[in-house]
Amino acid sequence: MANLPILQFEEKILDTVERNPVVVIIGETGSGKSTQLSQMLHKRGYTKSGIIAVTQPRRVAAVSVSRRVAQELGVRLGEEVGYAIRFEDRTSEKTRIKYLTDGVLLRESLTNPELNQYSVIILDEAHERSLNTDILLGLMKRLVKIRTSNLKVLITSATLDGEKVSRFFSNCPVLNVPGKLFPVEILYSTERPSSYLEASLKTAIDIHVREPEGDVLIFMTGQDDIEKLVLKLEERIQRLEEGSCMDAIVLPLHGSLPPEMQVRVFSPPPLNCRRFIVATNIAETSLTVDGVVYVIDSGYVKQRQYNPSTGMYSLDVVQISRVQADQRAGRAGRTRPGKCYRLYPSMVYHDELLDATVPEIQRSSLAGSVLYLKSLDLTDIDILKFDLLDPPSSESLEDALKQLYLIDAIDENGSITRVGRTMAELPLEPSLSRTLMEANECGCLSQALTVAAMLSAETTLLPGRSKSNEKKRKHAPSELPDGSGWGDHIQLLQIYEHWDQTDYDIDWCKDNSLQVRGMMFVKDVRKQLCQIMQKIGNGSLDVRTNERRKESRQDYRNLRKALCVGYANQLAERMIRHNGYRTSGFKSQLVQVHPSSVLRADEEGMLPNYVVYHELIATSRPYMRNVCTVEMPWVAPILKKLEKLNIKKLSGGSSHSEERIEVENINLPKKEVDVAVPTDDRDSRVQAARERFLARKANR
DNA sequence: GAGCACTGC
């Protein structure tokens, strides 16, 4: 700690902060900015008038960095130094330095827009440009003007374009702090390979044969490529080993790997053994692997992007940015001088790659963010001109407004409604918040809470739940409910209710290949949503899960109706002659129900006339994922509203208008939902992964 | 008859 580069700059930093409301600090990896800045300011007395907040883009980072700082200051975590992340607030009245995720800080500013409890706000890792960080940057710009006398803002980052941020904050000073990285030699390919998988394989073997010891980190785009490369590498190494090469092991590393497999990269390799780590961009920022000396960079990354003109997401393999390329190269120089092999020519790096990754705010649907900003009532700011470092396109903003209008969050003049205000308080996508509001009126709040919570856990939930997989499974057939034909939302509801009736039995999850961790997360989310809804409804709502309701034939009418209102912006109508659908948006799209859906066709093989969907995603074709049957009479008012839509009025209006929709409280007895301690479920995850692997193999 | 990079309230 004593030799951290940033400490040599202490006086300079404190002096600059003293004289400026906003300071940008560029510090490479290993500079110590995340742990030291807060301590410096604390020592200098900035915690006398308020708390120092340090935001992090990730939960683990908030926890681990705060732990370090507490240790260095010799205090107990949760007292002078603490952290706050979703579901976990380890701060107390004593807390002077608080680490939190940027999402938590955004939530806090909802109840306290001026964030008066803080004397200093440090936005760390701003170069990652997460949606939340970008919105915070915009809020900070405004806040320093309002709280001129008593707020300091520091923006710290590894490779952020300091000049750009400085210009954004009226030319605030930029301080550069060197990092502790070793030099990394960059080697380019003479041309772009026809297959970067083969090129990676060849380069890896070359390194293994020619270069001295040191681990190799290979950046690939996804699980499929990683699995292929791991197999090929193992094969090639085995053939080599009879020669004079040192031993080697190959480790995959990606997000859908069970935690205990991910952790393997942290245990040191056996003596005289080289490790090959084949990873996604998870190894770029989220996980740091020690011992890496060589990096192989394919130059590609898989990125999810939103197209506001179609309302569709797609997951594309795209070229990385220069910032990303540098970040990847830096992974080779953490312990000693290293080498980075770029599988593309230097001309591509210099002329073709984008300077920086397209920020998330330009790649996402903005309905949630626009609603959030509208709910802040920043009377001095026109929401559509909200000052952001990289503003989204007007098309994207208009798309957000249309969506919000269709679900009654804003009126025809673009003003936030009372419903919209309540929606903003829920940590959910607007469609699901709206569903909860409506469900509250329909008397099916409890069911809607469950559906919303289940959808929050998304993919972690059901590995291979399709029918064919169930048939092929060797064990007893799954007893998982199937949504009674109504669709995926209903199935999710039934699964949770089933689990609830087993008293949250972990074995039941395992037997049905549900991820215990995912289910525990759902339980946490549901509890949090319950609490917020209770607060909104003054504690009088019925949020109980169904207790063995003995209805022989339930058609989930109320719940489906609530979903239809909530998903008014995600409605589709079936074609007359076949089972394709046309979305009922502003620009109609031809889409299909995702094959994994449990939606059932009638005796003639036809799917329902109308469905709402949770998400549109273009993979091999445009698909609707998670669909639910809705009825014609509920659809009519939506189509009417769609006709009346006037985008000029929506984006121009700032006058307040009357409320047309009110949420009424229903007086019903309440029951606290119990809390469960999250449990590990590594076995089931490994099991599920193995099953998927075997199933795939058997298919070919 | 498909497949999913990474985060977060």
Side-chain angles (χ1 to χ4, degrees), chain A residues 55-62 84-89 100-111 125 128-136 219-227 253-257 262 279-287 298 300-305 313-318 320 324 357 360 363-364 368-369 371-372 423-430 432-433 452-453 456-469 471 521 524-525 528-529 531-532 579 592-597 615 617-625 689 692-693 695-696 699:
Chain A
T55 69
Q56 295 289 327
R58 277 172 293 280
R59 294 163 56 95
V60 270
I85 58 179
R86 189 179 190 181
F87 306 133
E88 209 181 338
D89 185 351
L100 31 61
T101 47
D102 35 26
V104 170
L105 189 61
L106 279 177
R107 286 280 140 199
E108 286 185 2
S109 80
L110 214 47
T111 44
E125 315 287 1
E128 291 189 21
R129 302 295 307 275
S130 74
L131 184 55
N132 287 341
T133 308
D134 269 18
I135 290 174
L136 278 176
F219 283 102
M220 301 298 286
T221 58
Q223 182 176 352
D224 252 22
D225 284 349
I226 289 174
E227 281 167 8
L253 181 61
H254 53 83
S256 36
L257 218 54
Q262 289 188 10
T280 58
N281 47 335
I282 195 171
E284 228 171 78
T285 47
S286 304
L287 295 177
S298 63
Y300 291 95
V301 68
K302 210 177 271 187
Q303 221 172 46
R304 188 178 148 98
Q305 26 218 4
Y313 276 97
S314 61
L315 202 61
D316 309 316
V317 174
V318 298
I320 58 171
Q324 259 178 310
T357 313
E360 205 186 340
R363 291 189 282 119
S364 325
S369 301
L371 179 62
Y372 170 84
M423 284 165 58
E425 287 188 51
L426 290 156
L428 292 170
E429 297 152 57
L432 289 175
S433 311
S456 299
E458 266 200 287
T459 50
T460 53
L461 194 59
L462 303 167
R465 62 169 157 156
S466 68
K467 285 173 205 158
S468 64
N469 274 0
K471 271 182 207 158
F521 176 77
D524 277 343
V525 174
Q528 187 190 27
L529 296 177
Q531 286 167 346
I532 297 170
N579 276 333
Q592 297 199 314
V593 176
H594 197 276
S596 68
S597 175
E615 183 182 51
I617 177 116
T619 49
S620 56
R621 296 162 129 175
Y623 283 115
M624 299 182 280
R625 243 185 349 204
R692 258 179 302 166
F693 176 68
R696 245 204 316 266
N699 277 338

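Letters A, B, ... mirror the listed sequences (proteins, then strands); counts begin at 1. Since the structure is predicted, the reported quantities are computational estimates derived from the model, not experimental observations.
Heavy-atom nearest nucleotides on DNA chain B were determined for A:S286 and for A:L428, and the one closer to the 5' end corresponds to A:S286. Closest-nucleotide positions on DNA chain B for A:P427 and A:T280 were compared, and the one nearer the 5' end corresponds to A:T280.
Atom CG in A:N281 sits about 9 Å away from atom P in B:dT7, given to the nearest Å. In this entry the distance linking CD of A:Q531 with C1' of B:dC9 reads 14 Å, nearest Å. For the pair A:Q305 CD and B:dC4 P, the interatomic distance rounds to 13 Å; values are reported in whole Å. Rounded to a whole Å, the CG atom of A:D102 is 14 Å from the C1' atom of B:dC6. Between the CD atom of A:E125 and the P atom of B:dT7 there is a distance of 14 Å, given to the nearest Å. Here B:dT7 presents its P atom at 13 Å from CZ of A:F521, a figure rounded to the nearest Å. A straight line from CG of A:D134 to C1' of B:dG8 spans 14 Å, rounded to a whole angstrom. The distance between atom CD of A:E227 and atom P of B:dC4, rounded to the nearest whole Å, is 13 Å.
For A:E429, there are no salt bridge (charged side-chain N to carboxylate O under 4.0 Å, His left out) partners, not counting sequence neighbours. Looking at residues two or more places apart in sequence or on another chain, you find a side-chain hydrogen bond (donor to acceptor under 3.5 Å, both in side chains) between A:D316 and A:Q305, A:S314.
When distances are taken from the side chain of A:Y623 to each of B:dC9, B:dA5, B:dA2, the shortest belongs to B:dA2. The listed nucleotides are B:dT7, B:dG8, B:dA5; the one nearest the side chain of A:Q223 is B:dA5. Comparing B:dG8, B:dT7, B:dA5 by their nearest atom to the side chain of A:T101 picks out B:dG8. Taking the side chain of A:L315 as heavy atoms from C-beta on, and the options B:dC6, B:dC4, B:dG8, the nearest nucleotide is B:dC4. Nearest nucleotide to the side chain of A:R59, out of B:dG8, B:dG1, B:dA5: B:dG8.
A:V104 comes within contact range of the sugar-phosphate backbone alone, with a heavy-atom separation under 4.0 Å but no base atom that close. Within 4.0 Å of A:I282, counting heavy atoms only, lie sugar-phosphate atoms of the nucleic acid but no base atom. If you check every strand for non-hydrogen atoms under 4.0 Å, A:R86 touches a base.
Contact annotation: A:R625 does not reach the phosphate of B:dC4 (side-chain N/O to OP1 or OP2, under 4.0 Å).
Contact of the A:I282 side chain with the A:L253 side chain is registered, since non-hydrogen atoms from C-beta on lie closer than 4.5 Å.
In summary, the side chains of A:Y623 and A:S596 do not present any donor paired with an acceptor at a separation below 3.5 Å, with no hydrogens or angles considered.
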- Message: Evaluate A:R304 against A:I617 for side-chain contact (heavy atoms from CB on, under 4.5 Å), listing each step before the verdict.
- Response: CA-CA 10 Å; A:R304 188 178 148 98; A:I617 177 116; 4.1 Å; yes
